[in-house]
Visitor: 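For reference, the structure I am asking about is given below.
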Amino acid sequence: KMTNEPPAGLRANLKRSYALDPISSQEFFEGCTKPTAFKALLFGLCFLHAFVQERRKFGPIGWNIPYSFDDGDLRISVRQLHMYLDENE
């Protein structure tokens with residue numbers, strides 16, 4: 001059995017988030033019709049992901065319901081954000 005543990009630290013988690021597919025794809029990253037809004041909101045999503053990954057080390061302290069916002073959740077959130085910005089003005 002293999003596991004992929006998130007790196008230690010907020011900065012390392014942010015770097016890992018930006019290295020994930022589809023964010024690491026230059027075509028996807030630059031392909032949004034509203035690049036300024038997309039990049040700002042993408043940073044917010046990646047920061048949230050990194051923060052939640054970092055908080056998991058502390059267990060239930062400060063959280064009512066444990067939920068791991070994992071890589072799959074980040075990927076679908078980024079794709080939804082891209083699609084939403086492309087389809088709406």
Side-chain angles (χ1 to χ4, degrees):
K1 180 176 177 180
M2 291 182 64
T3 61
N4 187 7
E5 293 294 322
L10 196 57
R11 178 178 284 185
N13 271 311
L14 272 171
K15 285 182 179 181
R16 182 172 175 267
S17 295
Y18 275 101
L20 291 174
D21 182 56
I23 303 168
S24 62
S25 167
Q26 192 68 23
E27 298 86 38
F28 181 83
F29 191 74
E30 298 293 335
C32 188
T33 57
K34 298 176 183 83
T36 306
F38 177 69
K39 290 175 184 176
L41 292 169
L42 177 66
F43 175 78
L45 276 175
C46 288
F47 187 83
L48 173 69
H49 179 255
F51 179 77
V52 170
Q53 293 297 313
E54 192 67 20
R55 286 288 303 161
R56 282 181 18 188
K57 291 190 288 188
F58 300 106
I61 300 172
W63 300 100
N64 291 334
I65 300 170
Y67 179 74
S68 63
F69 186 60
D70 61 7
D71 295 344
D73 295 319
L74 178 64
R75 284 186 186 106
I76 193 65
S77 298
V78 168
R79 287 186 178 117
Q80 287 290 109
L81 173 65
H82 195 280
M83 185 175 65
Y84 178 79
L85 289 174
D86 281 346
E87 292 179 359
N88 297 300
E89 288 188 23

Visitor: Pair D21, F28 - check side-chain contact (heavy atoms from CB on, under 4.5 Å), show working.
Guide: CA-CA 9 Å; D21 182 56; F28 181 83; over 6 Å; no

Visitor: Heavy atoms only: give me the nearest L85-C32 pair and the separation to one decimal.
Guide: CB-SG, 3.8 Å

Visitor: With rounding to the nearest 0.5 angstrom, report the NE2 to CD distance, H82 to E87.
Guide: 11.0 Å

Visitor: Got a sec, which residues hit side-chain hydrogen bond (donor to acceptor under 3.5 Å, both in side chains) with S24, two or more places apart in sequence or on another chain?
Guide: none

Visitor: Test: salt bridge (Lys or Arg N to Asp or Glu O under 4.0 Å). Region: residues 29-41. Which pairs qualify, not counting sequence neighbours?
Guide: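 Sorted pair list: E30-K39.
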
Visitor: Is L41 reachable from M83 through a run of hydrophobic residues whose side-chain heavy atoms are each under 4.5 Å from the next?
Guide: no

Visitor: Applying side-chain hydrogen bond (donor to acceptor under 3.5 Å, both in side chains), name anything that partners E27, two or more places apart in sequence or on another chain.
Guide: S25

Visitor: Tell me the closest heavy-atom pair linking E54 and G9, and the distance in Å.
Guide: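 So the two residues come closest at OE1-N, 3.0 Å.
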
Visitor: What distance do I76 atom CD1 and L81 atom CG have between them, rounded to the nearest 0.5 Å?
Guide: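 Between atom CD1 of I76 and atom CG of L81 there are 11.5 Å.
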
Visitor: Nearest 0.5 Å, what's the OG-CZ distance between S17 and F43?
Guide: 10.5 Å

Visitor: Using the side-chain contact (heavy atoms from CB on, under 4.5 Å) rule, take F47 and L10 through it: C-alpha gap first, then chi angles, then the decisive distance, then the call.
Guide: CA-CA 8 Å; F47 187 83; L10 196 57; 3.6 Å; yes

Visitor: Identify the two heavy atoms, one from D70 and one from Q53, that lie closest to each other, and give their separation to 0.1 Å.
Guide: CA-NE2, 3.8 Å

Visitor: Measuring only between side-chain heavy atoms, which start at C-beta, is H49 closer than 4.5 Å to D73?
Guide: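 A side-chain contact under 4.5 Å is absent here.
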
Visitor: List the steps and the verdict of side-chain contact (heavy atoms from CB on, under 4.5 Å) for F38 and T33.
Guide: CA-CA 9 Å; F38 177 69; T33 57; over 6 Å; no

Visitor: Checking side-chain contact (heavy atoms from CB on, under 4.5 Å) for the pair C46/I23: CA distance, chi angles, key distance, verdict?
Guide: CA-CA 10 Å; C46 288; I23 303 168; 3.9 Å; yes

Visitor: Mind listing the closest non-hydrogen atom pair of A50 and N13 along with its distance?
Guide: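 Scanning both residues completely, I find the closest heavy atoms to be CB-CB, 3.4 Å.
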
